[in-house]
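This report refers to the structure that appears directly beneath it.
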Protein chains: 2
Amino acid sequence: MSIDRANIRWNGWGRENARTTFHVPETVWTWLAGVLGMPALLATPARTIEDIALPSVRLDAHDRGAIDAIVGSEQVHGDAHDRARHALGRSYYDLLRLRAGAPQFAPDAVVYPRSTSEVLALLAMASGRDLAVVPFGGGTSVVGGVTASAASHRAVIAIDMSRMSTVLFVDMRSLVASAEAGIFGPDLEKQLQSHGVTLGHYPQSFEFSTLGGWIAHRGSGQASGGYGRVKDWLLGLKLATPRGLLEVKPFPASSAGPDLLQLVAGSEGTLGIIAEATFRVRSRPTVSHYGAFLFPSFESGADAIRKAVQENVPATMLRLSDADETEFQRGYAGVGQSELRKHLAHLYLRARGVTAGASLLIAGFEGEPARVAHARRAFLAITKKAGAIGLGQGPGQRWLKGRFEAPYLRDELMGRGVGVDTFETATGWTNVARLHAAASAALREALRASAPKEGSKGITMCHISHAYTDGASLYFTCIFPRALDDEIGQWRMIKTAVTDALIANGGTLSHHHGVGEDHLAWMEEEKGPLGLDLLLAAKAALDPKGVLNPGKLIAARTPFRPFAQHAFENSALPASRPPARKGAGE
Amino acid sequence: MSIDRANIRWNGWGRENARTTFHVPETVWTWLAGVLGMPALLATPARTIEDIALPSVRLDAHDRGAIDAIVGSEQVHGDAHDRARHALGRSYYDLLRLRAGAPQFAPDAVVYPRSTSEVLALLAMASGRDLAVVPFGGGTSVVGGVTASAASHRAVIAIDMSRMSTVLFVDMRSLVASAEAGIFGPDLEKQLQSHGVTLGHYPQSFEFSTLGGWIAHRGSGQASGGYGRVKDWLLGLKLATPRGLLEVKPFPASSAGPDLLQLVAGSEGTLGIIAEATFRVRSRPTVSHYGAFLFPSFESGADAIRKAVQENVPATMLRLSDADETEFQRGYAGVGQSELRKHLAHLYLRARGVTAGASLLIAGFEGEPARVAHARRAFLAITKKAGAIGLGQGPGQRWLKGRFEAPYLRDELMGRGVGVDTFETATGWTNVARLHAAASAALREALRASAPKEGSKGITMCHISHAYTDGASLYFTCIFPRALDDEIGQWRMIKTAVTDALIANGGTLSHHHGVGEDHLAWMEEEKGPLGLDLLLAAKAALDPKGVLNPGKLIAARTPFRPFAQHAFENSALPASRPPARKGAGE
């Protein structure tokens with residue numbers, strides 16, 4: 001079983017037919033226009049597939065013959081829809097270009113291998129014929145992870161892994177499973193859960209992303225508190241490289257030298273293509289409880305999360321919105337409610353001591369009944385000490401229902417002249433408040449400076465969604481009126497300002513989105529020059545011709561071949577990815 | 001505070017004056033001689049420091065001047081005791097050579113830097129002057145991790161990190177601490193515990209090993225069930241390399257590319273010298289309970305451990321001896337007891353249904369009272385279902401008391417013609433029984449084949465000491481009469497047979513001892529040829545002259561300089577480390 005790719009939108013989120021279920025009523029648009037200081041929100045529709053001009057195909061007959069000989073011609077697609085759908089990922093910047101009908105990159109062919117040996121043969125062929133290769137899982141990267149750039153190579157093919165989706169085994173005794181890497185989230189979970197187990201990896205992209213993609217960017221699912229990050233559940237893998245197969249065996253633990261698993265995870269298709277993976281699974285939860293609490297402040301909520309994690313309370317998810325996000329969600333939910341109802345709700349909260357800075361926390365607990373009951377009791381005690389008030393299961397159930405849907409809403413917003421982007425990081429507990437304040441301020445200032453009209457304004461919000469004994473993630477969202485005359489310049493200004501602020505204030509470059517092209521300019525600050533040298537050396541060892549996903553993750557420097565800087569080539573739109581800063585990578 | 005190195009034995013375990021506390025009574029020797037099928041155990045004393053001939057010093061006045069200029073001459077030692085103490089690690093094979101007075105390797109100088117910048121300067125100097133460098137923490141490696149081999153370089157210096165032992169900070173809010181890497185276990189724990197926290201990393205070498213050494217071989221402490229392995233608690237580090245400082249920042253989590261931390265951890269001094277590390281700490285436990293249980297069989301005990309881990313029972317340690325180890329411990333403890341008492345104990349166990357295959361499990365629980373009580377209850381339920389009988393806290397307390405002492409006993413055994421070595425691995429739960437049987441059989445056969453006298457025999461035993469949801473470690477011990485005419489040949493035969501069996505039957509090359517020189521010949525099977533290429537590429541990037549810890553972890557192949565194969569050079573004793581097998585590494 002695999003997703004029918006033909007139904008997937010080429011210039012937006014998810015399935016074509018799913019769009020209609022995300023109809024936003026006009027009352028919400030009116031409310032939002034008010035929030036953004038706009039007189040009205042104009043329609044800004046995307047171009048249709050018939051309207052776009054893809055770059056001409058650079059593969060010659062020999063190339064095509066070599067590809068066909070490996071996978072068979074029926075596994076090689078060159079139609080406009082498939083090329084456009086594999087042109088870019090799903091970042092705001094990608095959508096700007098796709099909707100404008102000018103995805104200046106597109107693969108010259110999309111190849112659908114059906115086995116690890118086919119992937120190996122494709123990579124050897126591409127390396128020999130100077131063809132760039134973009135490994136393609138679900139294509140949901142929001143950091144420019146799948147831009148179909150040929151860079152300095154003759155042409156570029158996308159290797160779409162979606163036909164490698166077999167669950168290879170489920171070992172119920174060791175609680176270990178293995179699958180081909182092209183399997184999509186829902187398919188994987190369905191098969192695992194039929195055995196009574198779960199991986200529990202639920203990124204927002206869950207429905208349209210793959211096991212291999214999750215590993216390639218070393219991310220987290222929303223329930224990582226309960227089920228762990230990629231680094232926690234990944235046990236072994238097979239990586240197809242131009243030089244052959246690298247197998248990292250799935251031992252429970254080992255001190256036989258460095259852990260190569262954690263070098264491959266996060267390599268974002270620059271070292272090879274993850275063909276198979278072996279991972280820990282857990283018993284499927286029999287009980288699930290997602291409750292909500294309102295904390296007096298973001299700080300008190302963050303402190304409650306810190307205590308819960310440090311005191312080993314087994315929560316599946318602890319998600320805390322800051323005051324801005326809480327306020328926005330209340331406003332959004334309140335659209336269409338009667339003034340009386342809103343007033344009563346306000347009075348109720350004030351009576352219980354909730355002030356303007358109140359912050360909403362959703363606490364999810366999954367597992368065996370006794371464990372969930374214990375966890376809920378322990379967390380309740382912490383919330384009480386912090387002066388939080390319980391809001392029951394309503395907000396949590398609503399969150400669960402919409403947990404994968406925000407990206408659809410982004411498409412709707414973009415169709416009404418509204419931009420939305422997100423930025424995420426992680427830092428130590430001692431630094432959470434400082435980083436939250438600094439990045440919020442930088443984001444507000446960038447929105448102000450890039451606002452298209454006098455009086456219009458963007459809004460910012462933030463939440464903690466992943467917590468550890470030593471720190472937490474911070475996830476910022478901004479919603480803003482698009483500067484239609486220079487949308488990419490606006491995006492670049494915002495992206496650069498926020499990322500600079502994250503790095504300057506002790507955050508990591510990304511907690512779960514990855515690097516791709518968008519974060520490349522900050523990688524030297526993140527990893528240090530010797531850290532980059534290690535990554536470049538690893539790439540040279542496995543991909544000596546530099547054909548794999550050029551321009552992502554690492555910019556080449558002497559003595560390695562320059563497979564970066566391509567992002568600015570052949571640019572039909574204004575200069576694209578954020579420029580290298582402070583001289584890095586130039 | 002740092003350990004006074006002058007008191008550390010140069011050819012045995014621990015402190016000079018600690019030897020006397022490990023006096024083994026003659027009754028035990030008599031019992032052991034019987035067990036080993038020997039008429040008596042002869043005295044086989046080690047040579048004294050005055051008796052040994054160290055290789056002559058190869059440093060010239062320019063070298064010495066360059067070293068002195070960095071650290072000051074008082075931080076450079078060249079006396080016989082210091083050179084001999086830094087010549088080799090503490091494997092059985094190392095002790096054979098040290099006790100024989102022929103440690104064919106010895107550093108030409110032992111250097112004691114006091115800062116990261118001194119370490120950086122030393123590495124740049126050594127790289128420029130073609131001096132090999134052996135990073136030296138506690139020197140307790142049991143896999144040949146600190147052999148002072150110059151390999152193809154002009155000379156070799158040991159960089160002893162013990163004067164870099166400052167705790168840099170303890171962040172009680174984030175539960176994170178940082179220290180210089182040369183700090184010894186007891187010093188580190190004393191300082192952390194004075195703040196109310198603990199790292200909880202207690203390898204058997206705890207008293208004489210360092211933070212940096214623990215990270216360099218990516219191992220486990222005895223309490224890893226409660227406090228995690230290196231991979232779980234390590235957050236960041238500073239690695240001094242010949243090309244400068246590599247800093248891996250201590251973020252709680254990150255998806256900004258591959259995790260370089262797990263590439264440095266386990267690199268065993270071949271990529272650089274770990275100068276500082278940042279790590280998670282936990283609240284110091286207020287309650288500690290180590291109870292013992294006797295299971296009907298090794299299999300039933302292993303299954304109880306599996307269930308406990310998979311059901312999230314928060315145990316600090318679960319340690320299960322197989323029937324052979326249980327039997328040996330009972331015999332050892334019973335020496336000197338009256339026959340009546342032994343008979344009564346036997347009758348008691350038989351009455352409770354304990355048969356010949358009974359296996360002893362020690363279950364340790366540490367933490368807050370409520371958590372410990374919960375864990376004990378949950379584990380007790382599992383033991384009851386498995387038909388185990390409780391033996392109270394006696395065996396656990398005895399284990400705790402002697403948890404760091406076994407290496408002292410090894411010295412005593414070696415002084416009476418008895419050899420002892422250990423082998424360890426990890427594998428998935430579905431494979432534990434097979435691997436246990438296969439490796440035990442290989443070990444028994446190797447002991448039989450290498451036994452020195454007709455009728456004499458070695459004994460073997462095994463325990464599980466670290467468990468994960470997906471599998472467990474297996475730790476094998478053998479005790480055998482030394483073949484005094486070819487001790488190294490005997491060791492090599494045993495080592496090779498067991499390691500071959502571990503690898504052939506699905507075990508990892510090492511669960512917590514590391515690779516060093518002794519496991520080097522199996523690294524290609526463990527990591528695959530491309531895995532080795534990645535490690536070699538990383539080394540070439542950070543240590544282009546190959547001066548760092550030559551001959552450990554990875555054997556060079558084209559196009560990298562050959563910094564392996566040195567172990568067989570200038571060999572005064574018969575050929576030393578196990579030969580490369582099946583053509584690997586040759």
Side-chain angles (χ1 to χ4, degrees), chain A residues 171 173-176 217-219 229 231 235 241 243-244 246-247 251-260 262-263 265-267 280 310 312 371 426-430 466 468-472 508-515 519 523 526-528 530-531 533-535 537-538 540-542 553, chain B residues 171 173-176 217-219 229 231 235 241 243-244 246-247 251-260 262-263 265-267 280 310 312 371 426-430 466 468-472 508-515 519 523 526-528 530-531 533-535 537-538 540-542 553:
Chain A
D171 173 351
R173 187 171 170 79
S174 300
L175 290 182
V176 169
H217 77 286
R218 210 160 63 88
R229 285 167 66 82
K231 76 181 267 288
L235 288 172
T241 83
R243 291 195 55 227
L246 170 68
E247 180 174 3
F251 297 118
S254 174
S255 70
D259 184 5
L260 299 178
Q262 302 303 329
L263 184 64
S267 63
R280 289 195 176 93
Q310 291 181 350
N312 303 300
R371 187 171 164 82
T427 195
W429 284 117
T430 42
H466 303 263
Y468 310 90
T469 58
D470 53 325
T508 179
L509 183 50
S510 171
H511 170 269
H512 60 269
H513 283 170
V515 179
H519 292 149
M523 273 292 273
E526 179 86 8
K527 299 288 194 191
L530 289 186
D533 280 355
L534 280 176
L535 296 180
L542 300 184
L553 187 66
Chain B
D171 174 350
R173 189 171 170 78
S174 299
L175 291 181
V176 168
H217 77 286
R218 210 160 63 88
R229 285 167 66 83
K231 74 180 268 287
L235 289 171
T241 83
R243 291 194 56 226
L246 170 68
E247 180 176 0
F251 297 119
S254 174
S255 68
D259 184 4
L260 298 178
Q262 302 305 329
L263 183 63
S267 64
R280 290 195 176 94
Q310 291 182 350
N312 301 300
R371 187 171 165 81
T427 195
W429 285 117
T430 41
H466 304 263
Y468 310 90
T469 58
D470 53 325
T508 178
L509 184 50
S510 171
H511 170 269
H512 60 269
H513 284 169
V515 179
H519 291 149
M523 273 292 273
E526 178 86 8
K527 300 288 194 190
L530 289 186
D533 279 355
L534 280 175
L535 296 180
L542 299 184
L553 187 67

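All values below were derived from every heavy atom in this structure, side-chain atoms included, with hydrogens, water molecules and symmetry-related copies excluded. Letters A, B, ... mirror the listed sequences (proteins, then strands); counts begin at 1. Given the structure is predicted, the values throughout are model-derived calculations rather than measurements.
Using a 4.5 Å cut-off between heavy atoms, A/Leu263 contacts chain B through both its backbone and its side chain. In this structure, the portion of A/Val176 lying under 4.5 Å from any heavy atom of chain B is its side chain and not its backbone. With a 4.5 Å cut-off on non-hydrogen atoms, A/His513 touches chain B through its backbone but not through its side chain. Residue B/Ala538 touches chain A through both its backbone and its side chain, counting heavy-atom pairs closer than 4.5 Å. Heavy atoms closer than 4.5 Å to chain B are found in both the backbone and the side chain of A/Leu175. Looking at A/Arg243, the atoms closer than 4.5 Å to chain B (heavy atoms on both sides) sit in the backbone and in the side chain alike. Both the backbone and the side chain of A/Leu246 come within contact range of chain B, with heavy atoms under 4.5 Å apart. In this structure, chain A has heavy atoms under 4.5 Å from both the backbone and the side chain of B/Arg173. Neither the backbone nor the side chain of A/His519 comes within contact range of chain B, judged by heavy atoms closer than 4.5 Å. Interface residue A/Arg280: only side-chain heavy atoms are found under 4.5 Å from chain B. Looking at B/Glu247, only its backbone comes within 4.5 Å of chain A, counting heavy atoms on both sides. Using a 4.5 Å cut-off between heavy atoms, A/Ser254 touches chain B through backbone and side chain atoms alike.
A/Lys231 NZ to B/Asp259 CG: the interatomic distance, rounded to the nearest 0.5 Å, is 7.0 Å. Atom-to-atom distance recorded for A/Thr430:OG1 and B/Asp171:CG is 4.0 Å, nearest 0.5 angstrom. Between the CG atom of A/Leu534 and the CG atom of B/Leu542 there is a distance of 4.5 Å, given to the nearest 0.5 Å. Here OG of B/Ser510 is found 11.0 Å from CZ of A/Phe251. Values are rounded to the nearest 0.5 Å. To the nearest 0.5 Å, the span separating NE2 on A/His511 from OG on B/Ser255 amounts to 7.5 Å.
Across A/Gly257, A/Gly244, A/Pro258, the residue that shares the most heavy-atom pairs under 4.5 angstrom with chain B is A/Pro258.
Residues forming a side chain to side chain donor-acceptor pair (under 3.5 Å) with A/His217 (at least two apart in sequence, or on another chain): none.
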